[in-house]
Amino acid sequence: MAEATPTIRECVDYARRRLPRHEAELLVGTSLGVPRNHLYAFDERAVDPVAFARMAETVARRQDGEPVAYILGMRGFWNLDLEVTADVLIPRPDTETLVAAALPLIRSNARVLDIGTGCGAVALAIAGERPQASVTATDVDPACITLCRRNAARLGLSVATRVADCFEGIDGRFDVIVSNPPYVDDDDPRLDQGDLRFEPRRALRGGPNGGLDILARLIREAPDCLSPGGWLCLEHGVDQERALARAFRERGFRRVRCHRDIENRPRVTVGCKENRES
Ligand code: GLN
């Protein structure tokens, strides 16, 4: 006898036995291609066994710890839905603090540079908010640049892209430079735990010196690419606030201040380049 065709309710029950409710609903809804409110309103509806199998596979991946954003291939950031792949860090609410800190510093026709753009989250959020600005996004990994371009095209946003290691090969001056660089210490045990273990090491590891190597390099090199009075805005770890403030000041930045993230942790430091050429 043929097996009974599963229903939407059986899919939801299957997933909810294995995952927290909101993850279960997200994965079932996406696998079956139905909006979340259909899961309960049309729970008797039959489901194609192929779709059931697809749903069970996504549930298994989540049970193995894979982040939901990688399973869905999408993540919301700022007001954008961004495609994400395992080549890029998953955009985080923490990083919306970087966008929020930078925006008031970006006048409508500013030149903006985003270093280490990943899927393009920060550059695209800024491009969306400042359509007249010229936004350039760089990443050392060509796969990130490909993804950033795909996101830009899908969202109808305009950013120039470059494969580049920090400022290498970047010409011209920018009014605002933003970056969420790798800043986790190489020995941080969190790298082998939770979501982080699925994310690209290159996007996370900031070296063995408290994770500060790339942040320090950006602070050192940024003035050569900033216009006078331009701003550098860097996301960093919650325990790096003092080191960042010191490094910004030692490099001659003025009006240095730290912004807190939605959990009230120090997360983004900004500083202004002196108004005259050094
Ligand atoms: N905010 C991330 C974390 O600590 C790290 C991101 C980064 O290195 N840029 O989970």
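When a residue number appears, it is its place in the shown sequence, counting from 1. The figures that follow rest on heavy atoms only: side chains count, while hydrogens, waters and symmetry mates do not. Note that ligands are numbered from 1 as they come in the structure, with each ligand's atoms numbered from 1 the same way.
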For this session: Going by the side-chain contact (heavy atoms from CB on, under 4.5 Å) test, name the single residue among Leu82, Val88, Asp81 that passes it with Asn151.
Result: Leu82
Exercise. Given Arg205, Arg190, Arg92, which one has a non-hydrogen atom that is nearest to atom 2 (C) of ligand 1?
Worked result: Arg92
Exercise. For ligand 1, is Asp195 a contact, meaning one of its heavy atoms is under 4.0 Å away?
Worked result: no
Problem set entry | Close approach of Ala203 to ligand 1, heavy atoms, under 4.0 angstrom | yes
Give the numbers and elements of all ligand 1 atoms closer than 4.0 Å to a heavy atom of [X].
| X | answer |
| --- | --- |
| Leu196 | 10 (O) |
| Pro181 | 7 (C), 8 (O), 9 (N) |
| Pro182 | 8 (O) |

Exercise. Quick one: do Asp175 and Arg111 make a salt bridge, cutoff under 4.0 Å?
Worked result: yes
Exercise. Counting only heavy atoms not in Arg18, do more than 12 fall under 6.0 Å of its CZ?
Worked result: yes
Exercise. Is the CZ atom of Arg260 crowded by more than 12 outside heavy atoms at less than 6.0 Å?
Worked result: yes
Problem set entry | Protein heavy atom at shortest distance from atom 8 (O) of ligand 1 | Tyr183 N, 3.2 Å
Problem set entry | Working for side-chain contact (heavy atoms from CB on, under 4.5 Å), residues Arg267 and His236 | CA-CA 5 Å; Arg267 182 58 78 187; His236 52 78; 5.6 Å; no
Exercise. Hey, does the Lys NZ or Arg CZ of Arg45 hover above the aromatic six-ring of Phe42, less than 6.0 Å from the centre and inside 45° of the axis?
Worked result: yes
